[in-house]
Each structure stands twice: as C-alpha cells, then as structure tokens.
Colleague: 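My questions will all concern the structure given below.
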Amino acid sequence: MAMAYNLQCHARKKGADLTSRKIDFKELFSRFALEGTPLSAKAYGSGHIHETFLVRTRERDCPDYILQRINTNVFADVPRLMENILRVTEHLRVKISALTGCDPENEVLTVVTGRDGRPFHQDDAGDYWRCYIFIEHQRPNDRLNSPGQAFEAGKLFGRFIDLLADLPGPPLHETIPAFHNVEHHLDQFKKVLQTDPLQRRAAAAKDIVFVEERSEEMKRILILGRAGIIPLRITHNDTKFNNILFDKAGRGLCIIDLDTVMPGYVHYDFGDAIRSGCNSSREDESDLERVGMDIHLFAGYARGFLESLPGCLNTVEIVHLAFSAKLFAFMVGLRFLSDYLAGDLYFKTVRPSHNLQRARVQFRLLEEMEKHFGEMEDIVSGLALETTS
Ligand code: ADP
Ligand code: GN1
Ligand code: MG
C-alpha cells in the first residue's frame with residue numbers, strides 16, 4: 001500500500017521547506033512502537049504550531065495515532081520538551097487512575113515511543129517527529145458552545161493544575177523562555193517596529209497605538225509574581241479551547257498540547273482560556289462586529305475552574321482572574337501583531353494579513369472585556385464566596 005503522500009503542508013519561512021517534501025508515512029510509522037497496519041494519513045486539526053497528522057490503522061482493535069512533526073523554530077530542545085511531557089503524563093496517569101469513574105487511557109495523552117526507546121524520532125532530513133495514541137472525541141469547535149460546556153472546560157483545566165501541584169522532582173524545563181512574560185513580548189514588539197522588515201508598520205498604525213496605551217497596565221501579573229504575592233504553580237500555558245478534547249456526550253475528556261506545561265501563574269491558564277473560548281467570533285474573524293465577550297460562557301468557565309481548585313488559590317490570585325482575561329487578549333494580540341510585522345515567522349498563516357486580522361480580533365475582544373469588566377469581576381468574587389463557604 002502506498003503511504004507516501006506529497007502533502008501540501010504549510011511552508012514556514014524559516015527552517016526546512018515543508019511544501020515540497022514527500023512524507024513517507026509507512027517508513028515513519030515503522031520507526032515507532034505502534035500496533036496495526038497504517039491505512040491512511042491526513043493533516044489534522046487546526047493548531048498554529050506543529051504539523052499534525054491522523055494515521056488510521058486497518059485493524060479495529062488497534063488504536064489510531066497522531067503523528068506530529070515538531071516545530072523546532074518554536075521548541076528548540078526536543079529531548080527536554082519530551083522529557084517534560086513524559087513526566088507530566090506519567091504523573092497524571094497515576095493520579096487519574098486513582099480517581100473513581102475515571103478512564104486514564106482517554107483522559108491522559110499517551111506518548112508512543114520510538115523503536116529505539118526514545119520518545120521521538122529524528123528523520124533523515126533532521127526533522128523531529130512524535131506520536132500519540134489518537135483519542136476519539138467530539139469534533140472541536142472554535143469556541144465553547146454553551147455555559148455547560150464552558151463549565152466542563154473550566155473544571156478540567158482547574159483539575160489539571162490541582163493534579164500537577166505535587167509533581168515530584170525538579171522544576172519542569174522552560175520549553176519556551178519568557179513565554180508569557182509580557183515585558184519580553186513588548187520588547188520584541190519594539191524591536192520589530194524599529195526594523196519593520198516588510199514595511200508593514202503603516203498598515204498597523206492604529207493597532208500599535210492600541211498596544212502602547214495599555215502596555216503598563218498589562219505588567220500587573222508580573223509585578224505581583226516578582227513580589228512573591230502570587231505563587232508559581234505548574235500550569236498548562238496554552239489553554240486554548242481546541243487544546244481540550246470533549247467526548248461524544250460533550251463532557252470534558254482530555255487536555256492535550258502539553259508542550260508548554262511548565263511553571264506559571266494561575267492567570268496564564270485562566271486568561272488564555274477565556275480569551276479563546278468566550279469570544280463569540282472565530283480567532284481570525286474578518287468582521288470585527290462579530291467579536292464579543294460572552295459573559296455566560298465566562299461565568300460557566302469560572303465556576304468550573306474555581307470549583308476544581310477549592311481553597312487552593314489565594315485572594316490576590318482570585319481577585320486578578322478577571323484581569324487575566326484582558327491580559328491574554330492583549331498579549332496574544334500583541335504576539336500576532338509582532339509576527340505580522342516580522343513577516344509571519346511564528347504562527348502558521350494562510351494569507352499575508354492573517355496575523356494582523358487575528359491581532360485585531362484580540363484587541364476588539366479586549367475592548368469588549370473592558371466594557372464588561374465590572375461584571376466579570378463580580379462573577380468571580382461571587383463564585384469565590386460560594387466555593388469557599
Ligand atoms: P499545536 O501545538 O499545533 O496546536 P496540538 O498538539 O494542539 O498542536 O495538536 C493539534 C490538533 O491535533 C489538536 O488541536 C487536536 O485537534 C489534535 N490532536 C492532538 N493530539 C491528539 C490526540 N492525542 N488525540 C486526538 N486529537 C489530537
Ligand atoms: C498557539 O499551539 P496552539 O495553536 O494550541 C500558541 C499559543 C497562542 C495560540 C493562539 C506554543 O497555540 O500561545 O495563544 O496559538 N502556542 C505556542 O491561537 O506558541
Ligand atoms: Mg494546540
């Protein structure tokens with residue numbers, strides 16, 4: 001059976017040219033300790049970072065698999081990246097196995113090792129691949145579709161922090177240095193504004209002013225962290241809505257995309273989830289009138305999150321949860337904007353203005369959050385009272 005596909009993958013500006021290379025899935029498949037016979041392979045999902053393929057197997061009793069070509073522009077040290085993921089998944093598996101009614105096979109990612117025992121494979125072109133067991137799930141939406149689903153998502157991401165609180169051993173590796181350090185992203189932004197390599201600055205004039213007007217306010221979490229007022233925890237750091245799988249009945253099933261699990265503040269997980277899941281539009285919506293902050297989804301998510309972390313968070317952490325949603329709309333928008341100005345080097349894009357459009361959606365969302373901010377704060381404080389009393 002022919003398993004060599006000339007897949008039309010998205011080309012990155014840096015690194016290997018991925019458009020023209022044939023991927024020999026049969027050969028790749030043979031490099032991992034997999035069961036079954038590969039039947040088909042197709043590009044899968046809508047992640048912005050890796051190239052992801054779903055490999056279906058012929059036999060009914062064998063799993064299907066996710067194969068990923070790891071983006072080494074973003075994750076430079078693959079052995080350390082995979083070491084983190086193995087530690088995290090092994091710990092989660094032990095803890096989830098001990099919970100009643102839980103199903104560790106589907107609730108935790110399973111890394112399939114290479115035939116040489118390593119948790120990845122490096123091909124002849126130098127590209128790194130990894131493999132997970134495919135978890136059957138409900139087709140993901142771009143946004144949360146009901147307060148009940150938001151509650152499920154909040155519960156799962158809250159539980160994730162709770163379960164990892166006692167991870168033994170040394171701190172996890174920082175897989176992307178300064179990943180959620182807004183000062184770092186502001187510095188990168190200033191640098192790219194100065195060089196303006198593609199002369200895109202003029203097209204983004206209003207967006208640049210928008211960022212400058214809010215940059216001081218956005219340093220608040222970093223300041224609290226440096227002062228030791230909010231603690232570092234083990235956080236997921238990429239709690240985008242499509243990084244959670246739901247089962248066919250709509251229940252939160254499994255948290256995926258563990259590349260950025262490392263020390264962080266609780267706000268990183270809460271804020272990113274809200275800006276991605278509670279936006280009433282797509283992340284790259286062209287009609288900004290459709291962008292909105294869905295307060296009912298916010299309330300559902302916040303309830304699930306706080307209920308699964310009872311008594312864990314300190315008052316200052318809780319008080320800043322609503323703010324963290326604004327921070328993430330700002331910071332993710334800023335990263336999209338910087339990437340647009342730099343020439344689309346980081347996020348996958350399908351058109352030249354794609355990152356600018358994404359940035360504008362985040363900034364509009366931030367304006368919507370600013371309008372609803374009092375309400376968001378009241379919801380969190382009301383829930384905090386309920387969940388601690
Ligand atoms: P990226 O960093 O590019 O977002 P992800 O690890 O999130 O990469 O994977 C991309 C997509 O692939 C996910 O959004 C999800 O749809 C799908 N996916 C990844 N791992 C699995 C898995 N083990 N089972 C089912 N689907 C998966
Ligand atoms: C990326 O990998 P993915 O698509 O789940 C990015 C996040 C951004 C998000 C914006 C490692 O998430 O930080 O918030 O795009 N992940 C990385 O959609 O940079
Ligand atoms: Mg992802």
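Order of appearance sets the numbers: ligands from 1, and atoms from 1 within every ligand. Predicted, not measured: the structure shown is a model, and the values here were computed from it.
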Colleague: Mind checking whether Asn243 contacts ligand 2 via backbone (N, CA, C, O), side chain (CB onward), both or neither, at a 4.0 Å heavy-atom cut-off?
Modeller: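 The answer is the side chain.
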Colleague: Could you see which bit of Glu283 sits under 4.0 Å from ligand 2, with heavy atoms only: side chain, backbone, both or neither?
Modeller: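 The part of Glu283 near ligand 2 is the side chain, not the backbone.
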Colleague: With a distance cut-off below 6.0 Å to the six-membered ring centre and an angular limit of 45° from the axis, does Lys326 pair with Phe373 as a cation-pi contact?
Modeller: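 Lys326 over Phe373 ring: yes.
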Colleague: For a quick test of reading the model, state the closest non-hydrogen atom pair linking Ala329 to Leu366 and the distance between them.
Modeller: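 Taking Ala329 first and Leu366 second, the nearest heavy atoms are CB-CB, 4.0 Å.
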Colleague: Relative to ligand 2, is Arg275 under 4.0 angstrom through side chain, backbone, both or neither, heavy atoms considered?
Modeller: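 Answer for Arg275: side chain.
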Colleague: Is the contact between His48 and ligand 2 made by the side chain, the backbone, both, or neither, using heavy atoms and a 4.0 Å cut-off?
Modeller: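 Near ligand 2, His48 shows its backbone as well as its side chain.
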Colleague: Would Tyr44 count as a polar contact of ligand 1, with the cut-off being nitrogen or oxygen pairs under 3.5 Å?
Modeller: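 Between Tyr44 and ligand 1, no N or O pair is found under 3.5 Å apart.
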Colleague: Please give me the minimum heavy-atom distance between His267 and Val316, naming the atom from each residue.
Modeller: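 Heavy atoms only, the tightest pair is NE2-O, 4.4 Å.
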Colleague: Just one of Tyr301, Phe157, Phe246 clears the ring-ring contact (aromatic ring centres under 6.0 Å, His included) bar with Phe241, so which one?
Modeller: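 With Phe241 as partner, ring-ring contact (aromatic ring centres under 6.0 Å, His included) holds for just one option, Phe246.
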Colleague: Name the option, out of Phe134, Tyr65, Phe347, Tyr132, that contains the heavy atom nearest to atom 25 (C) of ligand 1.
Modeller: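 Shortest heavy-atom distance from atom 25 (C) of ligand 1: Phe134.
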Colleague: Examine ligand 1 and decide if any of its atoms is less than 4.0 Å from a heavy atom belonging to Gln68.
Modeller: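 Yes.
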Colleague: Is Phe328 near ligand 2, meaning one of its heavy atoms is under 4.0 Å from it?
Modeller: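 Flag not set, Phe328 not near ligand 2.
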Colleague: Closer than 4.0 Å to some heavy atom of Phe179 - which atoms of ligand 2 meet that?
Modeller: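 Taking each heavy atom of Phe179 in turn, ligand 2 has 11 (C), 13 (O), 17 (C), 19 (O) under 4.0 Å.
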Colleague: Checking the N or O distance criterion of under 3.5 Å, is ligand 2 in contact with Tyr346?
Modeller: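 Yes - when backbone and side-chain N and O of Tyr346 are compared with those of ligand 2, one distance drops under 3.5 Å.
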Colleague: Report the protein N/O/S neighbours of the Mg ion (ligand 3) that fall below 2.8 Å; do not count waters.
Modeller: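 Checking every protein N, O and S atom gives Asn243 OD1, Asp257 OD2.
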Colleague: Of the backbone atoms (N, CA, C, O) and the side-chain heavy atoms from C-beta on, which set of Leu109 has a member under 4.0 Å from an atom of ligand 1: side chain, backbone, both, or neither?
Modeller: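 The answer is the side chain of Leu109.
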Colleague: Within the structure, is a non-hydrogen atom of Arg335 found at a distance of less than 4.0 Å from ligand 2?
Modeller: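 Within the 4.0 Å threshold, so yes.
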Colleague: In this structure, is the centre-to-centre distance between the rings of Phe328 and His180 below 6.0 Å?
Modeller: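 Yes; Phe328 has its ring centre under 6.0 Å from that of His180.
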Colleague: Check Leu245 against ligand 1 and report side chain, backbone, both or neither, counting heavy atoms closer than 4.0 Å.
Modeller: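 It is the side chain that gets close, since no backbone atom is under 4.0 Å.
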Colleague: Can you check which of Asn237, Val74, Asp238, Thr175 brings a heavy atom nearest to atom 7 (C) of ligand 2?
Modeller: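 It is Asp238 whose heavy atom sits nearest to atom 7 (C) of ligand 2.
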Colleague: Counting each atom of ligand 2 from 1 as listed, which ones have a heavy atom of Asp257 under 4.0 Å away?
Modeller: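 Numbered from 1, ligand 2 contributes 2 (O), 3 (P), 5 (O).
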Colleague: So if I count the atoms of ligand 1 from 1 in the order they appear, which ones are less than 4.0 Å from some heavy atom of Thr52?
Modeller: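 Once the distances to Thr52 are compared, the set is 9 (O), 10 (C), 12 (O).
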Colleague: In Å, rounded to the nearest 0.5 Å, how long is the span from CD1 of Ile274 to CZ of Phe305?
Modeller: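 One gets 8.5 Å once the value is rounded to the nearest 0.5 Å.
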Colleague: Do me a favour and list the nearest non-hydrogen protein atom to atom 2 (O) of ligand 2 with residue, atom name and distance?
Modeller: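 Residue, atom and distance for the closest contact: Ile49 CG1, 3.1 Å.
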Colleague: I want to know if ligand 1 touches Asn243 in the polar sense, i.e. an N/O pair below 3.5 angstrom.
Modeller: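 Yes; at least one N/O pair falls below 3.5 Å.
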Colleague: Please evaluate residues Lys371 and Glu367 with respect to the criterion salt bridge (charged side-chain N to carboxylate O under 4.0 Å, His left out), reporting the C-alpha separation (whole Å), side-chain torsions for both, the decisive distance (0.1 Å), and the verdict.
Modeller: CA-CA 6 Å; Lys371 284 185 207 153; Glu367 286 176 329; over 6 Å; no
Colleague: Give a yes or no on whether a salt bridge exists between Arg80 and Glu83, defined as a side-chain N under 4.0 angstrom from a carboxylate O.
Modeller: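 Salt bridge flag = no for Glu83 with Arg80.
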Colleague: State whether the shortest distance between N or O atoms of Ile49 and N or O atoms of ligand 1 falls below 3.5 angstrom.
Modeller: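 Such a contact does occur with ligand 1.
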Colleague: Is the closest basic N to carboxylate O distance between Glu51 and Lys42 below 4.0 Å?
Modeller: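 Not counted as a salt bridge, because no side-chain N and carboxylate O are separated by less than 4.0 Å.
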Colleague: Just checking, Arg214 and Phe210: is the charged tip under 6.0 Å from the six-membered ring centre and within 45° of the axis?
Modeller: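 So Arg214 does make the cation-pi contact.
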Colleague: Can you label the angle between the Phe53 ring and the Trp129 ring as parallel, tilted or perpendicular, going by 30° and 60°?
Modeller: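 If you compare the ring of Phe53 with that of Trp129, the planes turn out tilted.
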Colleague: Considering the heavy atoms of Gly47, write down every atom of ligand 2 situated less than 4.0 Å from one of them.
Modeller: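 The list of qualifying atoms is 4 (O).
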Colleague: Once you restrict to heavy atoms under 4.0 Å, what part of Phe75 touches ligand 2? Side chain, backbone, both or neither.
Modeller: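 Near ligand 2, Phe75 shows its side chain, while the N, CA, C and O stay back.
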Colleague: Just how far is it from atom CD of Glu368 to atom CE of Met293, taken to the nearest 0.5 Å?
Modeller: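 Atom-to-atom, Glu368:CD and Met293:CE are 10.0 Å apart.
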Colleague: According to salt bridge (Lys or Arg N to Asp or Glu O under 4.0 Å), who are the partners of Asp162, at least two apart in sequence or on a separate chain?
Modeller: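 Testing Asp162 for salt bridge (Lys or Arg N to Asp or Glu O under 4.0 Å), a comparison that skips the adjacent residues, returns none.
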Colleague: Which ligand 1 atoms does Gly47 reach within 4.0 Å, using its non-hydrogen atoms?
Modeller: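 Ligand 1 atoms under the 4.0 Å threshold to Gly47: 1 (P), 3 (O), 4 (O).
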Colleague: Could you list the atoms of ligand 1 found under 4.0 angstrom from a heavy atom of Asp257?
Modeller: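 Close to Asp257: 1 (P), 2 (O), 4 (O), 5 (P), 6 (O), 7 (O), 8 (O).
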Colleague: Is the closest basic N to carboxylate O distance between Asp64 and Arg58 below 4.0 Å?
Modeller: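 Salt bridge flag = no for Arg58 with Asp64.
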Colleague: Salt bridge or not for Arg233 and Glu317, using N-O below 4.0 Å?
Modeller: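 Salt bridge present between Arg233 and Glu317.
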Colleague: Once you round to the nearest 0.5 Å, how far does CZ of Phe323 lie from CZ of Phe330?
Modeller: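 That separation rounds to 9.5 Å.
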Colleague: In terms of atom number and element, which parts of ligand 2 are under 4.0 angstrom from non-hydrogen atoms of Phe336?
Modeller: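 Listed by number with element: 10 (C), 18 (O).
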Colleague: Is Arg118 salt-bridged to Asp116, going by a charged N under 4.0 Å from an acidic O?
Modeller: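 Counted as a salt bridge, because a side-chain N and a carboxylate O are separated by less than 4.0 Å.
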Colleague: Applying a 4.0 Å heavy-atom criterion (strictly less than), which segment of Lys240 is in contact with ligand 1: side chain, backbone, both, or neither?
Modeller: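 Lys240 to ligand 1: no contact under 4.0 Å from either part.
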Colleague: Find all atoms of ligand 1 within a distance of less than 4.0 Å from any non-hydrogen atom belonging to His48, and give their numbers and elements.
Modeller: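 This gives 3 (O), 4 (O) as the contact atoms.
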Colleague: Group every Ile, Leu, Val, Met, Phe, Trp and Tyr by side-chain heavy-atom contacts under 4.5 Å, then state whether Ile234 and Val94 land in the same group.
Modeller: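 Ile234 does not cluster with Val94.
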Colleague: Give yes if a backbone or side-chain nitrogen or oxygen of His50 is under 3.5 Å from a nitrogen or oxygen of ligand 1, and no if not.
Modeller: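 Min N/O separation from ligand 1 is below 3.5 Å for His50.
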Colleague: For the pair Arg360 and Glu289, find out whether any cationic side-chain nitrogen is under 4.0 Å from an anionic carboxylate oxygen.
Modeller: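 Result for this pair is no, no salt bridge flagged.
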Colleague: Could you walk me through whether Glu216 and Lys219 satisfy the salt bridge (charged side-chain N to carboxylate O under 4.0 Å, His left out) test, starting with their C-alpha distance in whole Å, then the side-chain angles of each, then the deciding distance to 0.1 Å, before giving a yes or no?
Modeller: CA-CA 6 Å; Glu216 282 310 308; Lys219 296 177 184 167; 2.8 Å; yes
Colleague: Would you mind finding which of Ile133, Val74, Ile256, Asp238 brings a heavy atom closest to atom 23 (N) of ligand 1?
Modeller: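 Nearest option to atom 23 (N) of ligand 1, by heavy atoms: Ile133.
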